[in-house]
Every structure is written in structure tokens, then in C-alpha cells.
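Values below: all heavy atoms of this structure, side chains included; hydrogens, waters and symmetry mates excluded.
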Amino acid sequence: MSVLAVIPARYGSTRFPGKPLAQIAGQMMIERVWRLSAAAEGVDRVVVATDDERIVEAVTSFGGEAVMTDANCRNGTERALDALKRLNSDAEIVINVQGDAPLIPPWVIGGVAEALRGDPALPMATPAVPLPPETEARMRVDKAKGSASGTTVVFGKDMNALYFSKNVIPFRRKPETGAPVYQHIGLYGYRRDTLEQLVSLEPTPLELTESLEQLRALENGIPIRVVLTDYRGRSAWSVDAPEDAERVADIIAREGELV
């Protein structure tokens with residue numbers, strides 16, 4: 001059961017033009033994400049899907065593989081499917097790895113691959129991590145102030161997602177009791193036909209309300225398996241602006257390289 005990891009990478013970014021090529025601790029961000037993906041157990045091939053020749057050249061320079069995709073792709077999901085088709089790949093599983101996540105541990109990617117390999121009936125999977133009580137409390141306060149990012153997820157006994165939200169869910173009626181909070185990690189694994197189906201579907205009301213693309217799957221009855229993982233004491237940080245790249249470099253200096 002072949003697994004293809006696709007890393008969508010756009011050159012144009014309003015807040016950070018050329019972001020994939022940004023240097024972080026002596027290495028381009030896109031190279032970091034590619035190497036972390038390639039180190040993931042169960043991943044057979046890693047490809048960067050981009051709309052810019054400069055990124056293709058950069059990926060080729062460090063020995064990676066890249067494919068030019070349609071500049072009109074509206075999001076990473078569409079770009080992943082476009083890459084799959086242009087590569088003429090026979091991969092049965094596609095893992096969409098965010099190109100601006102240079103701290104994503106290989107075992108998180110591998111966990112998603114393992115879940116899909118282990119259950120041929122599973123259409124889609126995504127990882128989540130439990131939040132320590134103090135982190136949860138801080139996130140709730142920050143969310144109330146409108147100063148926190150991040151998505152949380154709740155799931156059933158079958159580990160299939162019930163809902164994703166940019167708010168902190170579940171709501172605690174009594175602060176000292178209730179179910180734990182799990183933070184969603186924005187990485188997705190799809191069965192090939194599921195990816196094709198998702199791209200063919202129109203945006204849905206909850207998706208547009210929360211601005212969370214994965215809700216399109218839930219609203220259309222496509223189960224999403226939540227794969228619980230952890231960062232094993234590692235920090236997590238995505239890069240949206242130049243100052244984020246500096247924070248990531250500081251984290252790498254403090255915690256060391258993953259690969």
C-alpha cells in the first residue's frame with residue numbers, strides 16, 4: 001500500500017513572500033519539512049507541490065523531488081491532488097504535510113500513515129495531541145482575548161472526529177471536571193478516492209463558518225480518524241511571518257535537530 005507525502009508550497013504569501021525558501025538555522029524551511037517527511041516511517045515517497053520554478057530549483061538542489069502544479073489551486077488539498085495526477089502516481093494513500101511546519105516530528109507523520117495502512121476501510125486520518133491542563137487553561141484565556149491560534153478536536157469512542165473548532169472544545173461547565181482537550185495538528189492523510197471526492201465537493205456551511213476545511217468532510221459524512229500522538233517534549237510552531245522563522249531557529253538551537 002504505497003504512501004505519498006505531498007508538501008504544498010506556494011511562493012506568494014502576503015505576510016511572508018518566498019516563505020518556503022526562508023533560511024532557518026542554516027537550512028531552507030522547505031528542506032527541513034522535506035527531510036522530516038522523508039524520515040517518517042511508512043512514507044514511500046515525498047514530493048513538494050509548488051507553483052513556482054524557484055521552489056522547484058531549490059528542492060532539486062538538496063536532492064528532493066518537486067512538481068509544478070496549477071497556480072489556480074485554491075488550497076493545499078487541491079494542490080496535493082493536482083500533484084498526484086501530474087506525477088501519474090499509483091499511491092493509494094496521500095499525506096498532506098504543511099510546508100510551513102518545520103518542527104513537525106517524523107513520528108507524527110508516520111502515525112497517520114500507519115493508521116491508514118492498518119485499516120483499508122479508513123478514508124481519512126489526522127493527528128491530535130492532548131493538552132496539559134495548564135496549556136489548556138492558558139489557551140482558553142487567550143482565545144477569550146482573541147489572541148490565540150490553533151484548532152481543537154473532539155472525537156467519539158471509535159476515535160472518529162465529531163467536530164473541529166478554532167475555539168476550545170469541549171466547553172467546561174465546571175472548570176475542574178470534564179473531558180480532556182486535544183489540539184489538532186494540521187496534517188491529513190487521505191485514501192486516494194477520498195482526496196478526489198473532497199476536492200469535488202463544494203465548501204460547506206460549517207467549513208465556511210469556522211474556516212476549517214476538514215469540516216467539509218464531516219458535513220458530507222466522511223469519517224476522519226483522530227490519531228493521538230505527542231511531541232515528546234518538543235515544541236511546535238508554524239511559520240506565518242518572518243519573526244516566526246526566528247522563533248523556530250531558537251527552538252532548534254535549544255532542543256536540537258530531529259533529523
**Nearest atoms (heavy-atom pairs only) where A128 meets V153** = CB-CG1, 3.9 Å

**Request:** Would you check if the side chain of N220 reaches a backbone N or O of R216 as a donor-acceptor pair within less than 3.5 Å?
**Result:** yes

**Item:** R79 (side chain) donor-acceptor with A9 (main chain) under 3.5 angstrom
**Value:** no

**Request:** Report yes or no: do E210 and Y163 form a side-chain donor-acceptor pair below 3.5 Å?
**Result:** yes

**Item:** Salt-bridge contact D193-R191 (side-chain N to carboxylate O under 4.0 Å)
**Value:** no

**Message:** Salt bridge check, R247 against E243: does any charged N sit closer than 4.0 Å to a carboxylate O?
**Reply:** no

**Prompt:** Say you draw a straight line from CD1 of I30 to CZ of R35; how long is it, rounded to the nearest 0.5 Å?
**Reply:** 12.0 Å

**Closest approach of R117 to G42 (non-hydrogen atoms, all atoms of both residues)** = NH2-O, 2.8 Å

**Request:** Begin from the C-alpha positions of T77 and E213 and carry the test side chain to side chain donor-acceptor pair (under 3.5 Å) through to its verdict.
**Result:** CA-CA 9 Å; T77 308; E213 190 181 345; 2.7 Å; yes

**Asked** Distance-only, no hydrogens or angles: does the D44 side chain make a donor-acceptor pair with backbone N or O of V3 under 3.5 Å?
**Response** yes

**Request:** Report the C-alpha separation of I185 and T229 in whole Å, then their side-chain angles, then the decisive distance to 0.1 Å, and conclude whether the side chain to side chain contact (heavy atoms under 4.5 Å, CB included) test is met.
**Result:** CA-CA 10 Å; I185 300 171; T229 185; 4.1 Å; yes

**Item:** Smallest separation among heavy atoms of P20 and I55, with atom names
**Value:** CG-CD1, 3.7 Å

**Item:** Shared hydrophobic cluster for I222 and L212 (ILVMFWY, side-chain gaps under 4.5 Å)
**Value:** yes

**Asked** Would M28 end up clustered with I104 when hydrophobic side chains under 4.5 Å apart are linked, directly or stepwise?
**Response** yes

**Message:** With a 4.0 Å cut-off on N to O distance, would you call D142 and R138 a salt bridge?
**Reply:** no

**Message:** Determine whether a donor-acceptor pair (N or O, by modelled atom type, separation under 3.5 Å) exists between the side chain of E78 and the backbone of R74.
**Reply:** yes

**Complete:** Rounded to the nearest 0.5 Å, the CE atom of M139 sits from the CD atom of Q183 at a distance of 4.0 Å

**Asked** Measuring from L4:CG to I93:CD1, what's the distance to the nearest 0.5 Å?
**Response** 10.5 Å

**Side chain to side chain, E65 and V46, heavy atoms closer than 4.5 Å** = no

**Asked** So which heavy atom on A113 is nearest to which on I95, and how close?
**Response** CB-CD1, 3.6 Å

**Asked** Which atom pair, heavy atoms only, marks the closest approach of W34 to I7?
**Response** CA-CD1, 3.6 Å

**Message:** With a 3.5 Å distance limit and no angle check, can you tell me whether E219 reaches the backbone of L206 through a side-chain donor-acceptor pair?
**Reply:** yes

**Request:** Using atom types as modelled and distance alone, determine if a side-chain donor or acceptor of K19 lies under 3.5 Å from a backbone N or O of M29.
**Result:** no

**Item:** From CA spacing to verdict: side chain to side chain contact (heavy atoms under 4.5 Å, CB included), L228, F155
**Value:** CA-CA 11 Å; L228 295 185; F155 47 87; 4.0 Å; yes

**Asked** Between atom CZ of F164 and atom OG1 of T152, what is the distance when rounded to the nearest 0.5 Å?
**Response** 9.5 Å

**Prompt:** Are V67 and V59 connected in the hydrophobic side-chain network, where two residues link if heavy atoms are under 4.5 Å apart?
**Reply:** no

**Request:** Please confirm whether the backbone N or O of D70 pairs with a side-chain atom of D82, one donor and one acceptor, at under 3.5 Å?
**Result:** yes

**Message:** Is any side-chain heavy atom of L36 closer than 4.5 Å to one of V97?
**Reply:** no

**N/O donor-acceptor pair under 3.5 Å between R32 side chain and I24 backbone** = yes

**Message:** Check whether T69 reaches the backbone of T50 with its side chain - one donor and one acceptor, N or O, closer than 3.5 Å.
**Reply:** yes

**Message:** Is there a path of hydrophobic side-chain contacts, each under 4.5 Å between heavy atoms of I/L/V/M/F/W/Y residues, joining W237 to F16?
**Reply:** yes

**Request:** Without swapping roles, check the side chain of K143 against the backbone of K166 for a donor-acceptor pair under 3.5 Å.
**Result:** yes

**Item:** Y188 side chain reached by L195 side chain, heavy atoms, under 4.5 Å
**Value:** no

**Request:** Consider only side-chain N and O atoms of S235 and E255, and report whether a donor and an acceptor are under 3.5 Å apart.
**Result:** yes

**Item:** ILVMFWY network linking V181 to I169, side-chain heavy atoms under 4.5 angstrom
**Value:** no

**Message:** Regarding Q98 and S238, do their side chains bring together a donor and an acceptor under 3.5 Å, going by distance alone?
**Reply:** no

**Request:** Provide the closest heavy-atom pair for L122 versus A115 in the form atom of the first, atom of the second, distance.
**Result:** CD2-O, 3.7 Å

